[in-house]
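Please read the structure below before turning to the comments.
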Amino acid sequence: MSNSDSSDFTLVEFKPARTYPNDWTGHPEHCVWFCSTHLPLAEGLTHLPALEALRQILAHLRRTREQETTEQETTGQGT
């Protein structure tokens, strides 16, 4: 859990995957809250549905973590 308050988050609107009736209430599936650390990862992806954008963000984070792990092992910093 983060120690951040709600002012540290930004609501990002992605491409809606469905339409909503005028009287609909709730949190739409195409809007996702991002903390300031992860907000830049959403840049350039708002033309995608939220689920696809989140898949791409997760794949990016996994690649980054794998690269960092490989670099640490190569330099001996991982032990």
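Basis for what follows: all heavy atoms, side chains included, without hydrogens, waters or symmetry-related copies.
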Contacts under 3.5 angstrom, residues 34-62 side chains, donor-acceptor by atom type, not counting sequence neighbours:
{"from": "His47", "atom 1": "ND1", "to": "Gly44", "atom 2": "O", "distance (Å)": "3.3"}
{"from": "Glu52", "atom 1": "OE2", "to": "Gln56", "atom 2": "NE2", "distance (Å)": "3.2"}

For residues 11-29, which side-chain N or O atoms pair as donor and acceptor with protein atoms under 3.5 Å away, sequence neighbours left out?
{"from": "Tyr20", "atom 1": "OH", "to": "Glu29", "atom 2": "N", "distance (Å)": "2.9"}
{"from": "Tyr20", "atom 1": "OH", "to": "Glu29", "atom 2": "OE2", "distance (Å)": "3.3"}
{"from": "His27", "atom 1": "NE2", "to": "Cys31", "atom 2": "O", "distance (Å)": "2.7"}
{"from": "Glu29", "atom 1": "OE2", "to": "Ala17", "atom 2": "N", "distance (Å)": "3.0"}

- Rounded to the nearest 0.5 Å, the CD atom of Glu71 sits from the CD atom of Glu73 at a distance of 11.0 Å
